[in-house]
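One structure is given below, encoded as structure tokens.
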Amino acid sequence: MRQQTIVGLKTVKPFSLAGIQKIKKDQAYKVSVLTNKPETTEDNAAEKAAGTNYTYNKDRSLGLSEKGGDIYFYNFKSKKESRLTNTVDRESGARFLYNNDVVFQRGDNLFQLNLTTNELKQLTNFVKGKRPGAPTGPGMPDRAATSIQDSWLRTEQTNLFDIIKKRNRQGGNRGQAAGGPRRFGLGGGADANTRTIKPIYLDDKFLSGLVVSPDGRFVSYRLASPITNNHNTIVPNYVTASGYTEDIPGRTKVGENQMVAESFLYDGEKDSVYVVKVAQILASKTCQIM
């Protein structure tokens, strides 16, 4: 005899899954405490029942939420919701700054949205891979090094064309190499409202823990270096779509090297990166310029 289950002050019997087994396994169900019977329902019924999880501003008059990888804005006074992003990329981690600007993460970078002017500003410029010109392996030559011929051609072009001299004075060529400092704004004249963001190359490290300060000036983050010389346990998988036995990578052996992570602080106003020295925190020296 099955035991009864007490929920609150009402005694109900546990429902049976025997009837569900005859239906599609990917179907969503709901169970009423009155009828104690499973019923089919929409796939997103649980999400609707849980309600929306908002991130509030300082006086809790405005809220932000994420739906389907996009950011939504809700005004609790007017009870109106508006969609802030509609992209194929996922935007996450949306929050308010002190001035009610919205910051969120898209890919590996942070963006700031002014709700009054609808201006979208990029706060960071994390770039995957190595810095252009860096050797691709130990002992390998720098293939991006400028040859004598290239140096002569660059000097010759600068002497022949005034526009190149002007671009050099304004901070470099218009067609900069990929990963170089990005120029924002239209036009390249002295009156153009342009800004650059220093690229921060990740090499082969993993980026995590992106947090922006309440005023939007500082961004803290962590870079973890992968461990390449560890040996993982291997579990054979006999039930596979290919029909062949495949390996399931498992955990590392006890005592293997652990992933090493470093903490950094980016100052958007000075466009500078600082490495956080944890060993110096107790000595009140929290940061050392990199």
Side-chain angles (χ1 to χ4, degrees), residues 51-128 170-172 174-176 178-202 207-223 263-274 276 287:
T52 304
N53 186 20
Y54 288 105
T55 300
Y56 301 93
N57 65 339
K58 190 175 182 180
D59 60 3
R60 301 180 71 86
S61 62
L62 306 175
L64 296 171
S65 62
E66 177 187 346
K67 300 178 184 179
D70 290 318
I71 305 299
Y72 288 78
F73 169 80
Y74 190 82
N75 189 318
F76 291 95
K77 293 182 179 180
S78 62
K79 297 183 179 180
K80 291 183 178 180
E81 183 182 69
S82 57
R83 188 172 189 167
L84 298 183
T85 64
N86 188 1
T87 66
V88 296
D89 297 325
R90 181 191 176 189
E91 288 86 17
S92 61
R95 53 165 294 188
F96 288 101
L97 299 180
Y98 280 158
N99 60 356
N100 279 342
D101 281 4
V102 176
V103 292
F104 59 88
Q105 182 175 347
R106 177 187 294 164
D108 288 333
N109 288 293
L110 292 174
F111 295 82
Q112 178 177 341
L113 177 64
N114 187 313
L115 297 177
T116 303
T117 63
N118 293 325
E119 178 188 5
L120 181 65
K121 180 172 66 174
Q122 185 169 343
L123 298 180
T124 61
N125 187 19
F126 292 103
V127 181
K128 293 182 179 180
Q170 294 176 350
R174 183 173 298 175
Q176 292 176 340
R182 298 181 56 187
R183 293 179 62 85
F184 292 82
L186 299 177
D191 296 333
N193 184 17
T194 61
R195 61 187 293 262
T196 61
I197 302 180
K198 177 190 299 182
I200 303 175
Y201 295 92
L202 303 179
L207 174 67
S208 63
L210 275 174
V211 179
V212 62
S213 62
D215 59 358
R217 173 178 174 178
F218 298 97
V219 175
S220 62
Y221 61 95
R222 293 190 302 272
L223 291 181
S263 297
F264 297 86
L265 187 68
Y266 172 71
D267 186 346
E269 186 174 296
K270 297 183 178 180
D271 199 15
S272 301
V273 178
Y274 302 86
V276 179
C287 296

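Note that these values count all heavy atoms, side chains included, but never hydrogens, waters or copies made by symmetry.
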L64 and F104: CA distance, side-chain angles, deciding distance, side chain to side chain contact (heavy atoms under 4.5 Å, CB included) verdict: CA-CA 10 Å; L64 296 171; F104 59 88; over 6 Å; no
Is there a side chain to side chain contact (heavy atoms under 4.5 Å, CB included) between N100 and N57 once you walk through the steps? CA-CA 7 Å; N100 279 342; N57 65 339; 3.4 Å; yes
Test side chain to side chain contact (heavy atoms under 4.5 Å, CB included) applied to N125 and V127, step by step: CA-CA 6 Å; N125 187 19; V127 181; 3.8 Å; yes
Can Y266 and I197 be said to form a side chain to side chain contact (heavy atoms under 4.5 Å, CB included), step by step? CA-CA 11 Å; Y266 172 71; I197 302 180; 3.8 Å; yes
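When every heavy atom of L97 is checked against every heavy atom of P214, the shortest pair comes out as CB-O, 3.3 Å. Contact record, S92 with I71: N-CD1, 4.3 Å, taken as the closest heavy-atom pair. Between S272 and K198, the closest heavy-atom pair is CA-NZ, 4.2 Å. Contact detail for L210 and L207: the closest heavy-atom pair is CD1-CD2, 4.1 Å. Looking at every heavy atom in both residues, D215 comes nearest to S213 through OD1-OG, 2.5 Å.
From L110, atom CG reaches atom OG1 of T124 across 4.5 Å, with rounding to the nearest 0.5 Å. Between atom OG1 of residue T85 and atom CG of residue L113 there is a gap of 9.0 Å, rounded to the nearest 0.5 Å. With rounding to the nearest 0.5 angstrom, the OG atom of S263 is 9.0 Å from the CG atom of L223. Interatomic distance, CZ of F126 versus CG of N109, reported as 6.5 Å (0.5 Å rounding). Note that the OH atom of Y221 and the CG atom of L202 stand 8.0 Å from one another [nearest 0.5 Å].
With sequence neighbours excluded, the residues forming a salt bridge (Lys or Arg N to Asp or Glu O under 4.0 Å) with D267 are R217, listed by chain and number. Take K128 and apply the salt bridge (Lys or Arg N to Asp or Glu O under 4.0 Å) test, not counting sequence neighbours, and it matches D108. Every side chain to side chain contact (heavy atoms under 4.5 Å, CB included) that R60 has, sequence neighbours left out, goes to Y56. Partners of S208 according to the side chain to side chain contact (heavy atoms under 4.5 Å, CB included) rule, which considers only residues two or more places apart in sequence or in another chain, are R222.
Two residues are said to be in side-chain contact when any heavy atoms from C-beta on lie closer than 4.5 Å; V276 and Y274 fail this criterion. The shortest distance between side-chain heavy atoms of R90 and E66 falls below 4.5 Å. Inter-residue side-chain proximity for L115 and F96 is flagged as met; some heavy-atom pair is nearer than 4.5 Å.
A salt bridge (charged side-chain N to carboxylate O under 4.0 Å, His left out) check over residues 94-107, counting only residues at least two apart or in different chains, returns the pairs E91-R106.
Enclosure of atom OH in Y98 is not indicated, since only 12 or fewer non-hydrogen atoms of other residues, nucleotides or ligands lie within 6.0 angstrom.
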Give every donor-acceptor pair under 3.5 Å between a side-chain atom in residues 73-80 and any protein atom, sequence neighbours left out.
from, atom 1, to, atom 2, distance (Å)
N75, OD1, K77, N, 2.9
N75, OD1, S78, N, 3.2

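Residues D89 and T87 bring no donor and acceptor atom of their side chains to less than 3.5 Å of each other.
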